[in-house]
Amino acid sequence: MIEEREIRAFLQTKIFGKKLYCFDTIDSTNTFARSLKENDAPHGTLIVADEQTGGKGRQERQWRSQKGKNLLFSLVLKPAFPQEKIRLLPFAAALASADAIEMETGCTVECKWPNDLLVARKKVAGMLIETSVQEEVVKNAILGIGINVNQTVFADDIKELATSLRLHSSKDVDRVHLLCGVLEELENRYEQLQQFPPQLLLDEWKQRATMFGTTITLVEHSSLLKATAIDVAPNGALVIEELNGARREVFAGDVTIAQR
Ligand code: BTN
């Protein structure tokens, strides 16, 4: 199990992870984070688990992860910025995680809209962001991250789509080192999002995404569409060009990148 004292021994952040909850098994670290009372969850509170019995993915899916092998954690963020910047949090989180993974493992990580990370074109990590909004102001955001670290066997229905860092490294990856690296990068990216124009962040994210100019299949409100991925707009939407040449922005959906 990931122990609190191990994290405390390595973590070099200013705020993120200073308040920390570690679990052997829990339903979902995101759900636990949401259940915490205001005072029990200051900005930067971290919840880590070795196993989730009800891990949540995007679009009401499950997030399945073998016990003790991967990273499953949530961070409570008390955003000090407007709602339109919150839409860019997935990009900040994806970049932070990609950078930390590359530093720890040497694996080349690609970003896929909206917030997946791929290694060798298969999904290695996903993010689920849940926000509480009051009177158009985001009160807090729960950023949940799942990274497939040392798991080497995946269920039949996902084995063509999912991978882990271990499958691309010569040895087991140290989960605590990787977690601390992600948190340190996240803290920096969060500050970047607060202090600088968001375009800088988006430009960096785009450099890590190879989907632009390629044909994608988009699942949007349960309908399927083929299009070309053109860009990411300043508001975080995916700009696509449909087969009839019409361009439009997509705010939510699932993307499959055609064979390259
Ligand atoms: C996705 O790609 O669909 C998002 C996956 C997010 C999974 C993480 S694991 C830790 C946190 N707790 C959850 O229940 N979900 C997120």
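Both backbone and side-chain heavy atoms feed into the values below; hydrogens, waters and symmetry mates do not. From a predicted model like this one, the values you see are computed outputs, not experimental measurements. Order of listing sets the numbers, starting from 1, for every ligand and every atom in it.
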From Asp99 atom CG to Arg208 atom CZ, the distance as rounded to the nearest 0.5 Å: 5.0 Å
Distance-minimising heavy-atom pair for Leu183 and Phe16: O-CD2, 3.9 Å
Close residues, ligand 1: non-hydrogen atom nearer than 4.0 Å: Ser28, Thr29, Asn30, Gln52, Gly55, Lys56, Gly57, Arg58, Trp63, Leu72, Phe73, Ser74, Asp116, Lys123, Gly126, Met127, Leu128, Gly144, Ile145, Gly146
Pairwise distance CD1(Ile216) to OG1(Thr228) - rounded to 0.5 angstrom: 8.0 Å
Parallel, tilted or perpendicular, as decided by the 30° and 60° cut-offs, for the rings of His177 and Phe10: perpendicular
Partner of Asn30 under side-chain hydrogen bond (donor to acceptor under 3.5 Å, both in side chains), chosen from Gln52, Lys56, Glu130: Glu130
Whichever hydrophobic residues join Ile26 through chains of side-chain contacts under 4.5 Å: Tyr21, Phe23, Phe32, Leu36, Ile47, Val76, Ile142
